[in-house]
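In what follows, a structure is listed as structure tokens, so that the remarks can point back to it.
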Amino acid sequence: MDGVPAAPVAAVLALGANLGDAAATVAQAVRELRNTPGLEVTGVSPAARTRPVGGPEGQPDYVNLVLTVSTRLSPAALLAAAQGIEQAHHRTREVRWGPRTLDIDVITYGEMTSDDPVLTLPHPRAHTRAFVLAPWSWLEPEATLSGERVADLAAQADDAGSVTRVPGGAEDEDAAGPVS
Ligand SMILES: Nc1ncnc2c1ncn2[C@@H]1O[C@H](COP(=O)(O)OP(=O)(O)OP(=O)(O)O)[C@@H](O)[C@H]1O
Ligand SMILES: Nc1nc2c(c(=O)[nH]1)N=C(CO)CN2
């Protein structure tokens, strides 16, 4: 998990936010990831507005998007970089699946598999989450996750009906509008 790869590794990151100006936060996080040493952002999905899955009732909608990256960071360093950006956006963890200013999950890191609870790969719930799978499929229509087409998984997910594609660029802070 700590090993630096011999060659850049393709990884997939999922971003989500539903507190404050979520669209602006996600756009800023993309810029921060672009500025992270050892990381090249190779693709940014359109943003999605999504209904909250799990957690307390009455949360605002989320803004979600997916990035593809090419990285020389180890898996542990990639997670640390993601968590550092979460912390810079004042991420707190009070209640499981509660509302958050910013969440950055590592969905895949090359073909690596891991059941380490600190960094499980692929992300253990990604294959059930349209809020991850749908934006990923918009960015990479032929992508697969554990041998299954991401677009098919997105269509089958329980939350498939609560994901709306947001027009405009994901790095346009106004594109997704305020969450409600
Ligand atoms: N693939 C992964 N990406 C991000 N965090 C992971 C991953 N696998 C395990 N974790 C661990 O999960 C812990 C909890 O993460 P976090 O608080 O972001 O969960 P969550 O976003 O509320 O829920 P979920 O894990 O269902 O997305 C982190 O401290 C991290 O060590
Ligand atoms: N719509 C939506 N729901 C969620 C999200 C998220 O990013 N979007 N993240 C969660 C924990 O990672 C739990 N529920």
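The basis for the numbers below is simple: all heavy atoms, side chains too, and nothing from hydrogens, waters or symmetry mates. Indexing begins at 1, ligand by ligand and atom by atom, following the structure's order.
Under a 3.5 Å cut-off, the side chain of N64 and the backbone N or O of L15 do form a donor-acceptor pair. Within the 3.5 Å criterion, the main-chain N or O of P141 finds a donor-acceptor partner in the side chain of R149. Under the 3.5 Å distance criterion, the side-chain polar atoms of T68 are matched with a main-chain donor or acceptor of G43.
Atoms of ligand 1 lying under 4.0 Å from at least one heavy atom of V106, given by number and element, are 1 (N), 2 (C), 3 (N), 4 (C). Close approach of ligand 2 to R129 (heavy-atom distance below 4.0 Å) involves ligand atoms 11 (C), 12 (O). The ligand atoms of ligand 1 that sit less than 4.0 angstrom from a heavy atom of R129 are 24 (P), 26 (O), 27 (O). For ligand 2 and N64, the ligand atoms under 4.0 Å from any heavy atom of the residue are 1 (N), 2 (C), 6 (C), 7 (O), 8 (N). Atoms of ligand 1 found under 4.0 Å from any heavy atom of Q83 (numbered from 1 in listed order, with element): 28 (C), 29 (O), 30 (C), 31 (O). Distances below 4.0 Å separate heavy atoms of H123 from the following atoms of ligand 1: 1 (N), 2 (C), 3 (N), 24 (P), 25 (O), 27 (O). For ligand 2, the atoms sitting less than 4.0 Å from at least one non-hydrogen atom of T50 are 1 (N), 2 (C), 8 (N), numbered in the order shown with element in parentheses. Residue R125 approaches ligand 1 through these ligand atoms, each under 4.0 Å from one of its heavy atoms: 24 (P), 25 (O), 26 (O). Short contacts between ligand 2 and D103, defined as distances under 4.0 Å to a heavy atom of the residue, involve ligand atoms 12 (O).
The CD atom of E40 sits 10.0 Å away from the OG1 atom of T71 when rounded to the nearest 0.5 Å. Atoms CG and CG, from D103 and L13 in turn, are 11.0 Å apart once rounded to the nearest 0.5 Å. The structure places CH2 of W136 at 4.5 Å from OG1 of T108, a figure rounded to the nearest 0.5 Å.
Under the 4.5 Å side-chain criterion, counting only non-hydrogen atoms from C-beta, P75 is not in contact with S114. Side-chain contact between L121 and T113: absent, with no pair of heavy atoms (C-beta onward) separated by less than 4.5 Å. Proximity of T50 to D159: side-chain heavy atoms (C-beta onward) are nowhere separated by under 4.5 Å. Side chains of L145 and L133 form a contact here, defined as non-hydrogen atoms less than 4.5 Å apart. The shortest side-chain heavy-atom distance between V66 and I107 does not fall under the 4.5 Å cut-off.
For ligand 2, the polar-atom distance check against F131 finds no nitrogen or oxygen pair separated by under 3.5 Å. Checked against a 3.5 angstrom limit, the closest N/O atoms of L121 and ligand 1 fall outside it.
If you look at R51 next to ligand 2, the close heavy atoms, those under 4.0 Å, all belong to the backbone. When non-hydrogen atoms are compared, ligand 2 lies under 4.0 Å from neither the backbone nor the side chain of V132. Using a 4.0 Å cut-off between heavy atoms, N18 makes no contact with ligand 2 at all. Heavy atoms of P117 found under 4.0 angstrom from ligand 1 belong exclusively to the backbone. Residue-level proximity to ligand 1 for D103 is carried by the side chain, the only part with a heavy atom below 4.0 angstrom.
Residue R125 places no heavy atom under 4.0 Å from ligand 2. At least one heavy atom of P52 sits closer than 4.0 Å to an atom of ligand 2.
When the heavy atoms of V132, D105, L119 are ranked by distance to atom 2 (C) of ligand 1, first place goes to L119. For atom 5 (N) of ligand 1, the nearest non-hydrogen atom from the set T120, L79, L13, V53 comes from L79.
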Apply side-chain hydrogen bond (donor to acceptor under 3.5 Å, both in side chains) to residues Q28 and H89 and explain how you reach the verdict. CA-CA 10 Å; Q28 178 62 23; H89 289 273; 5.4 Å; no

